[in-house]
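The structure appears below as structure tokens.
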Amino acid sequence: MNANVDQISDGIYRISTFVPEIGPTGFTFNQFLVDAEEPLLYHTGTRQMFPLVRDAVEKVMPVERLRWIAFAHLEADECGSVNDFLQVAPHAQVAHGALGCNLSLNDQLNRPPRPLADGEVLDIGGAEIARRVVELATPHVPHNWESHMFYEEVSGTLFLGDLVSQIGDGPAITNADLLDAAIEAEDLFHQTSLGPAVPATYRRLADLNPQRLAVMHGSSYDGDCAALLRNLADVYDSRYGCSTLPAQPLPGHDNLVGANVS
């Protein structure tokens, strides 16, 4: 296997490993490296992929520069090698939603994580681009109770985790419509925990009006991101029956997006 490195925005790099054996046309596993005063690695990959991802990070910066490590939820492909990265990056700390820290990460990590409240801003700095990352709680979306996402406000990049997944080995970033490809992957893997929170979360993310979607599996996207997210919300309502389930409050969203939380 080989990990490719592509810059998808100023100072934001996609690290991608294609595994041809998964699915009918293969599947990519992507991490994202944000070069800032306090660099951030979003997703670590599996333990088996650690050498590949570490070497890919080294193509951009020394791995020991990493200050923050994050991932959407607890699965091997998201964070399997997190403790390996904590070992080689002595100043790095995991940043995750408070729920995930309380459920698992306080116990499973070799160093204590930084818990974040919904809407809390993590200022990771930068000389030319002063980056601000917003914590977005997305419990059970697309799956896992502790699921969350990051939104980098300055570039408008939304780090989606497993949302908008696609099969195959497409380009690093595209503006071609990904709606049909995302439906194809959902029909194949059934990866989403279907419920009323799914379309509500997609619409909440669309309201951010992101300029770029950093997708874990498949191509990243820099077309009309808000429209794609709203169209997928409609798909989960109509095709997958989320609208027929009992309505309930959207959990974990007590704070306004981007509001500072002390």
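If you read the sequence from its start, that first residue is 1, and numbering goes on from there.
With sequence neighbours left out, the side-chain hydrogen bond (donor to acceptor under 3.5 Å, both in side chains) criterion links R239 to D187. Among residues two or more places apart in sequence or in another chain, the side-chain contact (heavy atoms from CB on, under 4.5 Å) test is passed with N106 by C101, N102, P113.
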| field | Step-by-step side-chain contact (heavy atoms from CB on, under 4.5 Å) determination, L105 to F71 | value | CA-CA 11 Å; L105 296 177; F71 36 86; 3.9 Å; yes
| said: Quick one, N4 with F18, criterion side-chain contact (heavy atoms from CB on, under 4.5 Å). Give me CA distance, side-chain angles, the key distance, then yes/no. | reply: CA-CA 9 Å; N4 296 314; F18 178 62; over 6 Å; no
| query | Should D237 and R203 be marked as a side-chain contact (heavy atoms from CB on, under 4.5 Å) after you check the CA-CA gap, both sets of side-chain angles, and the distance that decides it? | reply | CA-CA 11 Å; D237 272 338; R203 293 183 178 110; 2.8 Å; yes
| Residues L229, L208; criterion side-chain contact (heavy atoms from CB on, under 4.5 Å); working and verdict | CA-CA 10 Å; L229 294 169; L208 294 168; over 6 Å; no
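Q166 contributes a side-chain N or O that, together with a main-chain N or O of S219, makes up a donor-acceptor pair within less than 3.5 Å. A donor-acceptor pair is defined here as one N or O able to donate and one able to accept, closer than 3.5 Å; no such pair exists between the side chain of R212 and the backbone of S9. Put simply, the side chain of N30 never gets that close to the backbone of R14: no donor and acceptor are under 3.5 Å apart.
The aromatic rings of F150 and H148 sit perpendicular to each other, their planes meeting at more than 60°, with 30° as the lower class boundary.
Clustering ILVMFWY residues whenever any of their side-chain heavy atoms sit less than 4.5 angstrom apart, transitively, puts L33 in a cluster other than the one holding W68. Clustering ILVMFWY residues whenever any of their side-chain heavy atoms sit less than 4.5 angstrom apart, transitively, puts V215 in the very cluster that holds V235. Cluster annotation: M216 is not connected to L136 through the hydrophobic network of ILVMFWY side chains, with a link wherever side-chain heavy atoms come within less than 4.5 Å. Hydrophobic clustering of Ile, Leu, Val, Met, Phe, Trp and Tyr side chains at less than 4.5 Å, counting indirect connections, unites Y42 with V34. A continuous path of ILVMFWY side-chain contacts below 4.5 Å connects V5 to L41, so both sit in one hydrophobic cluster.
Around atom CD of Q48, no more than 12 heavy atoms belonging to other residues, nucleotides or ligands sit under 6.0 Å away. Around CD of Q7, the count of heavy atoms belonging to other residues, nucleotides or ligands within 6.0 Å exceeds 12.
Side-chain contact between L163 and L205 is present, with at least one heavy-atom pair separated by less than 4.5 Å. Between T44 and V53 there is no side-chain heavy-atom pair separated by less than 4.5 Å. Inter-residue side-chain proximity for Y13 and D35 is flagged as met; some heavy-atom pair is nearer than 4.5 Å. Counting heavy atoms from C-beta on, the side chains of Y221 and V164 never come closer than 4.5 Å. Side chains of E58 and E64 form a contact here, defined as non-hydrogen atoms less than 4.5 Å apart. Counting only heavy atoms from C-beta outward, the side chains of E153 and V134 approach each other to under 4.5 Å. Taking the side chain as every heavy atom from C-beta outward, P39 and V57 never approach each other to under 4.5 Å. Put simply, the side chain of Q211 does not reach to within 4.5 Å of the side chain of S155, judged on heavy atoms.
Tested against R131 for a side chain to side chain donor-acceptor pair (under 3.5 Å), the candidates E38, E37, E152 yield a single pass: E152.
The structure places CG of L178 at 9.5 Å from CG of N175, a figure rounded to the nearest 0.5 Å. To the nearest 0.5 Å, atoms CZ (R114) and CG (L122) are separated by 5.5 Å. Here I69 contributes atom CD1 and L40 contributes atom CG; the two are 9.0 Å apart, rounded to the nearest 0.5 Å. In this structure, CG on D84 lies 11.5 Å from SG on C79, to the nearest 0.5 angstrom. Rounding to the nearest 0.5 angstrom, the gap separating the OG atom in S81 from the CD atom in Q31 is 7.5 Å. The CG atom of D177 sits 9.5 Å away from atom CG of D224, with the distance rounded to the nearest 0.5 Å.
With hydrogens and angles left out, the side-chain atoms of T192 and Y236 include a donor and acceptor closer than 3.5 Å. Side-chain contact annotation: T138 with S147, donor-acceptor N/O pair under 3.5 Å absent. Counting only N and O atoms by type, the side chains of H217 and D162 include a donor and acceptor under 3.5 Å apart.
Closest of all the heavy-atom pairs between H73 and E146 is CB-OE2, 3.4 Å. Residues L213 and C225 come closest through the heavy atom pair CG-SG, 3.7 Å. In this structure, L116 and A95 approach most closely via the heavy-atom pair CD1-CB, 4.0 Å. A pairwise comparison of heavy atoms in T28 and G168 identifies CG2-O, 3.7 Å as the closest pair. In plain terms, the two heavy atoms of P115 and A98 that are nearest each other are CB-CA, 3.9 Å. Shortest non-hydrogen contact noted between P90 and V88 is CD-O, 3.4 Å.
Comment: R204 engages D118 in a salt bridge, judged by a side-chain N to carboxylate O separation of less than 4.0 angstrom.
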